[in-house]
Protein chains: 2
Amino acid sequence: MARPQTIEDDALIARLSGVFRDAGYKGASLGLLAEGCGLQKASLYHRFPGGKQQMAEEVIAAALDWYEVNIFAPLRGEGTPRERLAAVGQALTAFYADGRKACLLNMLAAPPEADGPFAAAIRGAFTAIIDAFCDLAREAGHDEAQARARATRVVMLLHGSLVLSRGLGSSEPFHAFLASLPGALIEG
Amino acid sequence: MARPQTIEDDALIARLSGVFRDAGYKGASLGLLAEGCGLQKASLYHRFPGGKQQMAEEVIAAALDWYEVNIFAPLRGEGTPRERLAAVGQALTAFYADGRKACLLNMLAAPPEADGPFAAAIRGAFTAIIDAFCDLAREAGHDEAQARARATRVVMLLHGSLVLSRGLGSSEPFHAFLASLPGALIEG
DNA sequence: GTCTATACCTTGATAGAC
DNA sequence: GTCTATCAAGGTATAGAC
C-alpha cells in the first residue's frame, strides 16, 4: 500500500482497550480514544467505519482471543492442575496489570441500553471463562455441580477483587484473589 | 413554603440512585436523571445547585446511610452471627434487587478522572463495609488477620456476584453469593 | 418549586486536502 | 492512511415566567 499504517492493528486495539477499561464506554470519548492511540479521530473512523461501537466490539473480540491463548489453553494444557493455575495466575496478573486495570466486560456492561449491543458478547465471554475453570475443577476430581460452583466462585472472586482494587486504589485485593485461587478452585 | 415539593428528598435521591446504578456517571445524562425522577432538568438544578456531581455525591452519602442502618447495625446487633448474617442477606437482596441492580460504587468508580471527586468517598465506603464484616468475623472467633481476610473475601464475592449477575443477565451468581455468605465469613 | 426556553460546549461523525 | 476543518446532535447549565 502507498502509505503504511503508523500503528499496527494489534497495538491500536490494545491502546483502545486501555482507554475503554479506564473510562468505560460512555466515558471513552473519541477525543480520549484518539489521544490514547496517537491518531486523529478521522483516522480512527477510517480504521473503524462502524465508529465507537465497532471499536468496542473489536476490543472485546481481541480480549477473548487473548484469553483463549493465555488463559483457556494453559488451563487445558500440560502439568498438574496446580501448575496450570500458577501459569494462569501470571497471565491474569499481566492482563489486569496487577489489579490496576479493570475488567473490560464490567466497564462495557452498562452503557447503550439495558441490553446493549455488547450484552450477548459479554454473556458469552463470562460463560466461556466459567466453563474453562469448571473443566479444570472437574479434572481435579470434583463432580459437575461442585466444579461449576467452584468455577463460578473463582470468577466472582476475580471480578470482585478488580472492583475492590479499583475502589480502594490498592492491588491488595487482587493479590488476595491470586493467593486464594488454587484453594477456591481445586482444594478442599 | 408557598409551593410544596412534588417529590420528597428521600424519594428523589432514590430515583436518581437508580439511574446512576443503571447507567453509570457518564451514562446518566441530565435528561435520563430528569426522566427518572419525573422532574425537569431546571428543577433538578434547583434542588442540586452543584449539578450532576452534587447529585452523585448525595446519592453516595444516602447509600452509606442506608448501609449503616440496614447492614452495619444488624451486623453489630442481637442474635448469633448466623442470625445476623441472615438478616443482612435479606437487606442485601433488597438493596441489590436480587442481583439486578449494580453496585453504586462500581458504577461511579470510573468516570471523571483517575482520582475523581468520588474516589475518597468510594474508598471510605469499601473500607467501612469490610470493617463491618471483619468485626463480626472476629466476634465469631477468628483472629484479626483471619477475620480481615474473610471479610475482604466476602466483599469481593458480593461485588463479583453483582458484576457476574449483570453480565450474565441472571440473578444466579447473586444467589450463590448469599448461600456462601455464612460459610465464607464465619465457618470453617 | 417547577416549568419552558435557551445559551453554550462537547460529542460522534463526515468531507476533502495531502 | 492520516490529517485539518467542520457539522449536527446531544450534553450541561442558566434565565426568567408562573
Side-chain angles (χ1 to χ4, degrees), chain A residues 1-60 107-108 110-114 116-118, chain B residues 1-60 107-108 110-114 116-118:
Chain A
M1 23 187 110
R3 186 198 285 220
Q5 291 181 342
T6 58
I7 179 173
E8 298 297 323
D9 279 2
D10 287 356
L12 176 56
I13 290 282
R15 301 291 194 95
L16 298 180
S17 176
V19 177
F20 278 120
R21 289 169 72 180
D22 285 341
Y25 187 77
K26 285 277 187 179
S29 71
L30 275 129
L32 272 181
L33 291 164
E35 183 187 4
C37 69
L39 290 181
Q40 295 301 318
K41 289 187 279 183
S43 303
L44 276 178
Y45 275 96
H46 178 78
R47 299 277 197 105
F48 305 93
K52 191 158 92 164
Q53 179 165 330
Q54 184 186 353
M55 299 179 210
E57 287 166 353
E58 297 204 14
V59 161
I60 293 177
M107 299 306 284
L108 295 182
E113 275 102 56
F118 316 121
Chain B
M1 19 186 116
R3 186 198 284 222
Q5 291 181 344
T6 57
I7 179 172
E8 298 297 324
D9 278 3
D10 287 357
L12 176 55
I13 291 282
R15 301 292 193 94
L16 297 180
S17 176
V19 178
F20 278 121
R21 289 169 72 179
D22 284 341
Y25 186 77
K26 285 276 186 181
S29 71
L30 277 139
L32 272 179
L33 291 164
E35 183 187 4
C37 68
L39 291 180
Q40 294 300 320
K41 291 186 273 183
S43 304
L44 275 178
Y45 276 95
H46 178 78
R47 300 278 198 106
F48 305 93
K52 191 159 91 165
Q53 178 166 330
Q54 183 186 355
M55 299 180 209
E57 286 165 355
E58 296 204 14
V59 160
I60 292 178
M107 299 306 284
L108 295 183
E113 274 101 57
F118 316 120

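Just so we're on the same page: letters track the sequence lines, and every chain starts at 1.
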When you compare the side chain of [Y] with that of [X], does any pair of heavy atoms fall below 4.5 Å?
X       : Y       : value
A:Leu32 : A:Asp22 : no
A:Tyr45 : A:Leu30 : yes
A:Met55 : A:Tyr25 : no

Quick check for you: to the nearest 0.5 Å, what is the distance between B:Leu12 atom CG and B:Ser43 atom OG? 10.0 Å
Got a sec, which residues hit side chain to side chain donor-acceptor pair (under 3.5 Å) with [X], two or more places apart in sequence or on another chain?
X       : result
B:Glu35 : none
A:Gln54 : A:Glu58
A:Gln40 : none

Taking protein heavy atoms under 4.0 Å as touching, what does nucleotides 2-12 of chain D look like 5' to 3' if B marks base contact, S marks sugar-phosphate-only contact and - marks none? BBB------SB
Measure the distance from CG on A:Leu44 to P on C:dT11 and round it to the nearest whole Å.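 Computing the A:Leu44:CG to C:dT11:P distance gives 14 Å.
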Among residues two or more places apart or on two chains, list those pairs meeting salt bridge (Lys or Arg N to Asp or Glu O under 4.0 Å) that have a residue in residues 40-51 of chain A.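 Every salt bridge (Lys or Arg N to Asp or Glu O under 4.0 Å) pair that includes a residue of residues 40-51 of chain A, provided the two are not neighbours, is A:Asp9-A:Arg47.
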How bent is the helix from C:dG1-D:dC18 to C:dC18-D:dG1, comparing axes over its five end pairs at each side, to the nearest 10°?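 For the helix from C:dG1-D:dC18 to C:dC18-D:dG1, the axes at either end differ by 0°.
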